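Below you'll find the structure, written out as structure tokens, and then a few comments.
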Amino acid sequence: MSQQDQRDSSRGDGDSIRDRFLARRRFLMLSGSVAGVGVLAGCGGTTEEGTATETDTEAPTPTSQPEPTATETETETETAEPEQPSLAERYPGLRILSPEPENAEAAERATYGDYITPREEHYIRNHYPTPDIEESEWAVSLTGLVDSEIDLSMEEIKRSFSTESITHTMQCAGNGRSYFEPQVGGNQWTFGAVGNTVWTGTPVSEILEYYGAETSDGYFLTVMGGEHPEGEDVFTRSIPMEKVMDDTLLAYNMNGAPLASDHGFPVRLLVPGWFGCNNIKWVNRMHVMETMVIGDEWEEPGAPEDGQRTYTHWQQYSYRVVPEEDTRAEHYEDIPVYDTREQMERTDEIRNAYMYDQVEKSIIAYPGEEQTVTPSPSGTIEVIGVAWAGDDAVESVEVSTDGGETWGDAEFFGPVGEATGWRQFRYVWENPEPGEHMLASRATDERGYAQPATISAPEDQIRGIENDMYPWNQGGYGENAYESLAVTCTVEEQ
Ligand SMILES: Nc1nc2c(c(=O)[nH]1)N[C@H]1C(S)=C(S)[C@@H](COP(=O)(O)O)O[C@H]1N2
Ligand SMILES: [Mo]
């Protein structure tokens, strides 16, 4: 069955939830009571039917939009939409990289002094404008290797299955990209595209089991976002079934509150411990399959123009460790190991690692960059920060107060949650000398993998972490060298 046929068959039955939504929407339209109906989705992930359609005038406009129907235009002019506060007004703790699409990171290192990152300080990474979605109109379709293809309403997702919470350190794979030399393209994230929050939602495993999906190891759940403007690649990731069945959620709640639109309202995928890109926002389709999305079948259907990669772009071309010498990443149907660090150890089998499970990393929150600090009455300075290693636990953190020459052990403090949330650390710096110092932190995970010192040069052409160097790569992904996050501070005379 081709992908197109599968989509068509998922729309075929006369009384699907989607049909009921359409009927209700039509009714509301006719009765004139529809006000700012959000994106009409649950459309089996098609690109032919508009997704990011009705945005108000203040909201970012997609680069290309489907023609609005007469009815929609009338409805829009009749309804005065309330003005949306700007990104900066909504998130005072963020440094804005681009207002449209919204990209912003934590502005201060002080964000990394707390266990839970408040919403106002959690980074935002969008490839396309944030869609304006009406929860009651939204559906997530389940297609592919399942007993019956269906559309799930938000009500069913929330109420028909169990509810679970998990702490997850989410980091954009591009965090630290600005430290690559020579510079690579894309948003120049420094340290701030990472945050630790509590996510609540439905275990995807329960949904898959209930609808008779193929859930054996080796299969994939390909998950798609519904916000791409017409003609743009669908934000799609293929998540290995082992991980899906282990702890992946369809999350609708962040830090105990409903998701903000920017973070994926009404529902996003939450892949604990894995790089941000896997955590698809505004999910509208989940497709069970034997391989990752790859090849023509996933590029042509629905591709409005030549050169469009539709479903494969964000899985196969982007989010890969591509050294200077490669023209592009090698595409695979499956790989023998998913952990990103382990992929980078097996570069004979996996030429360009995929950004899945996050690599070990840490950041100092205090003292901050260029900060002048005064020792305590007993003559010490407490260095604090956080460390994480994807879905592996952090084993230890060391701190250097002389730019990496010598190291001392830090100790953990603060709440202990799942391994997928970060750990807070403190290091008591005894008898700091007045003057300037360079501080660094180095995390080691439970498998013994430690942060390297530096980023390699492109000429090194390395594909994994070698000789204490993180591989320079064309996309600037996965950076975790401790020197790039070192802070310079000045100790004052007591
Ligand atoms: N549909 C969709 N999902 C998406 C993205 C996107 O652009 N579209 N960006 C991804 C990337 S690259 C990251 S790092 C995280 C960011 O999540 P946040 O904005 O909630 O921090 O969302 C991921 N999910
Ligand atoms: Mo990202």
Side-chain angles (χ1 to χ4, degrees), residues 39 41 45 47 51-52 60 62-63 87 90-91 93-98 100-106 111 117-131 133 138 140 168-177 186-189 192-199 201 222-229 232-239 248-255 257-286 311 313-315 317-320 340 354-356 358 390 475-479:
V39 174
T47 50
T51 45
T63 45
L87 186 60
R90 279 177 291 143
Y91 301 95
L94 300 183
R95 178 179 82 90
I96 296 170
L97 280 77
S98 77
E100 180 190 320
E102 294 174 347
N103 284 294
E105 67 174 344
T111 292
T117 308
R119 193 177 83 179
E120 293 72 22
E121 295 171 29
H122 192 283
Y123 80 98
I124 297 168
R125 201 283 174 256
N126 285 347
H127 293 82
Y128 310 121
T130 295
I133 295 166
W138 196 250
V140 178
H168 162 68
T169 299
M170 181 144 60
Q171 181 189 208
C172 180
N175 198 27
R177 176 183 288 146
N187 287 302
Q188 296 300 305
W189 306 104
V194 57
N196 189 62
T197 49
V198 177
W199 298 86
T222 293
V223 180
M224 299 156 194
E227 90 285 16
H228 57 284
E232 298 286 346
D233 295 318
V234 180
F235 200 84
T236 303
R237 295 286 293 173
S238 294
I239 312 296
T248 299
L249 303 177
L250 272 177
Y252 43 79
N253 195 288
M254 177 187 183
N255 284 350
L259 286 185
S261 304
D262 312 297
H263 294 297
F265 179 85
V267 66
R268 81 178 301 167
L269 196 70
L270 204 279
V271 191
W274 287 28
F275 279 109
C277 54
N278 300 288
N279 298 262
I280 304 284
K281 303 191 264 193
W282 316 290
V283 170
N284 75 349
R285 183 179 173 200
M286 305 192 294
Y311 296 102
H313 181 79
W314 301 108
Q315 177 65 31
Y317 296 82
S318 196
Y319 300 119
R320 308 289 305 278
T340 303
Y354 290 82
M355 292 288 126
Y356 279 149
Q358 293 177 70
Y477 296 122
E479 198 274 317

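Since the structure is predicted, the reported quantities are computational estimates derived from the model, not experimental observations. Order of listing sets the numbers, starting from 1, for every ligand and every atom in it. We number each residue from 1, following the sequence as shown. Worth knowing before you read on, the calculation uses all heavy atoms, side chains too, and leaves out hydrogens, waters and symmetry mates.
Where the criterion is an N or O separation shorter than 3.5 Å, residue side chain and backbone included, Trp199 fails it with respect to ligand 1. Considering backbone and side-chain atoms together, Tyr128 places no N or O closer than 3.5 Å to any N or O of ligand 1. Ligand 1 has no N or O atom lying under 3.5 Å from any N or O atom of Tyr319, backbone or side chain. An N or O contact shorter than 3.5 Å is missing between Trp282 and ligand 1 by distance. For ligand 1, one of its N or O atoms has an N or O atom of Asn279 under 3.5 Å away.
Every atom of ligand 1 is numbered from 1 in the order shown, and the set under 4.0 Å from a heavy atom of Cys277 is 10 (C), 11 (C), 12 (S), 13 (C), 14 (S). Those atoms of ligand 1 with a heavy atom of Asn126 less than 4.0 angstrom away are 7 (O). If you number the atoms of ligand 1 from 1 as listed, the ones under 4.0 Å from a heavy atom of Ile280 come out as 3 (N), 24 (N). Listed by number with element, the atoms of ligand 1 under 4.0 angstrom from any heavy atom of Cys172 are 14 (S). Less than 4.0 angstrom separates some heavy atom of His122 from each of these atoms of ligand 1: 21 (O). For ligand 1 and Gly225, the ligand atoms under 4.0 Å from any heavy atom of the residue are 1 (N).
In terms of protein heavy-atom proximity, atom 15 (C) of ligand 1 is nearest to Gly276 O, 3.4 Å. Nearest protein heavy-atom contact of atom 17 (O) of ligand 1 is Arg268 NH2, 3.0 Å. Nearest non-hydrogen protein atom to atom 2 (C) of ligand 1 is Glu227 OE2, 3.3 Å. Of all protein heavy atoms, the one closest to atom 14 (S) of ligand 1 is Tyr123 OH, 3.2 Å. Remark: minimum distance from atom 9 (N) of ligand 1 to any protein heavy atom is reached at Arg125 O, 3.2 Å. In terms of protein heavy-atom proximity, atom 7 (O) of ligand 1 is closest to His127 ND1, 2.7 Å.
Here the straight-line distance linking atom CD of Glu105 with atom CZ of Arg125 works out to 12.0 Å at 0.5 Å rounding. Note that SG of Cys277 is 8.5 Å distant from NE2 of His127, once rounded to the nearest 0.5 Å. In this structure, the separation between CD on Glu102 and CG on Asn126 is 5.5 Å, given to the nearest 0.5 Å.
Asn196 places no side-chain N or O within donor-acceptor distance of the main-chain N or O of Thr117, the cut-off being under 3.5 Å. Under the 3.5 Å distance criterion, the side-chain polar atoms of Trp138 are matched with a main-chain donor or acceptor of Val283. Between the side chain of Lys281 and the backbone N or O of Ser261 there is no donor-acceptor pair closer than 3.5 Å. Not one N or O on the side chain of Asn175 forms a donor-acceptor pair closer than 3.5 Å with the backbone of Cys172. For the pair Tyr477 (side chain) and Ser318 (backbone), a donor-acceptor distance under 3.5 Å is absent.
Legend: salt bridge (charged side-chain N to carboxylate O under 4.0 Å, His left out) pairs involving residues 260-276, not counting sequence neighbours, sorted by first then second residue: Arg90-Asp262.
For the 3.5 Å distance criterion, the side chains of Asn255 and Thr197 fail to qualify, holding no donor opposite an acceptor.
Ring-plane geometry between Tyr356 and Trp274 is classed as tilted, the angle between the planes lying from 30 to 60 degrees on a 0 to 90 degree scale. Ring planes of Tyr319 and Trp314: tilted class, angle from 30 to 60°.
When Arg237, Lys281, Arg119 are ranked by how near their heavy atoms come to atom 1 (N) of ligand 1, first place goes to Lys281.
Assignment of Phe275 to the shell around ligand 1 is not supported, since no heavy atom sits closer than 4.0 Å. Residue Gln171 places no heavy atom under 4.0 Å from ligand 1.
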